Amino acid sequence: MKNRPFVLNFALIITTAVSTYFITPLISNVATAQQGAAAQGKADNEYQVSGALYMQRSAEYRALAYQAYNWAKLSLDADEKTSKKLPKIERKKPRAVVVDIDETVLDNSPQQAGLIKSRQPFSQANWYAWGEMRAAKAIPGAVDFLNYANKKGVKVFYVSNRDEVQKQATMDNLTKAGFPDVTADTVMLRHPNDVGKETRRNYIREKYRIAILMGDNLDDFSNVFELKSIADRYAETDKARAMFGAQYIALPNAMYGTWENALYEYKHLSDAQKAERRLEALELP
Ligand SMILES: [Mg+2]
């Protein structure tokens, strides 16, 4: 009788130990493996690794972002002087800076990195879920420049092709990251009828004079670049040459963009077809 509690306790200790050290890890390993298998997709997005790493791990990317925002400040200051020569109707309008959001003021590279790691294709559901996290960090230099513009009385507009359903989360994320004047009016997302951003830019132009446009995509500057072939994108960029570093300030984005869609001629292709197009597009000696 005296030994019984000891035997029971001993049995309990052994059972607990076996469960803790052998069975539980076994179950949890199986569960993790199952989750891993479910999360592991088949998308061919390995080619995006260097673009994402360039954004996340190269100080050169950071230098380029600072360069863009330093240049924006110089341009905004220069515009103040040159605007005196403008026709009165333009001169009297308050000034505005128009910035794109994704990969211009907010860094979504962790979302893209997650898709690469799990070999998942881009999906609206995944994109919305990332937006709901309100976790995107500011692009280096962006917060300082836009606060500088705001303090000078220049209106800041955030013109993005994010969907309207993402508005609150987008506003929360921008505010959390330290951006100024984030309101339902200044954050202009894509209306279902919008083709590009020109309608929204023209709406802003009714009341403001846009001094500077900033973006990682040529479509952030003008609709002359929209849905153009690679050759025509070059031609339009050459035509607008004097605008870059003046009214247009471009930021690098090697992860994705219209530059990539142009490679596929804006068609919906399979991963294999896209891979073929990318290789075909390489310029050889
Ligand atoms: Mg963008």
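Whatever order the structure lists them in is the order used to number ligands and atoms, beginning at 1. If you're wondering where the values come from, they're calculated on a predicted model, not measured in any experiment. Computed from heavy atoms alone, side chains included, the values below leave out hydrogens, waters and symmetry copies.
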- Task: Would you please classify the geometry between the Phe145 ring and the Tyr69 ring as parallel, tilted or perpendicular, with 30° and 60° separating the classes?
- Result: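 Geometry flag for Phe145 against Tyr69: tilted rings.
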- Residues Asp44, Arg119: salt bridge by 4.0 Å N-O rule: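 Arg119 and Asp44: not salt-bridged.
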- Can Arg278 be said to sit on top of Tyr47's aromatic six-ring, NZ or CZ under 6.0 Å from centre and within 45° of the ring axis? yes
- Query: If you measure only the distance, is there a donor-acceptor pair under 3.5 Å linking the side chains of Tyr256 and Glu103?
  - Reply: yes
- Quick check: does any side chain N or O of Ser229 sit under 3.5 Å from a backbone N or O of Ala262, one acting as donor and the other as acceptor?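 Here the side-chain-to-backbone pair does not exist.
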- Output yes when a side-chain donor or acceptor of Trp71 lies under 3.5 Å from a complementary backbone atom of Gly245, and no otherwise.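 At least one qualifying donor-acceptor pair exists.
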- Query: Excluding waters, how many protein N/O/S atoms sit closer than 2.8 Å to the Mg ion (ligand 1)?
  - Reply: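 There are 3 of them.
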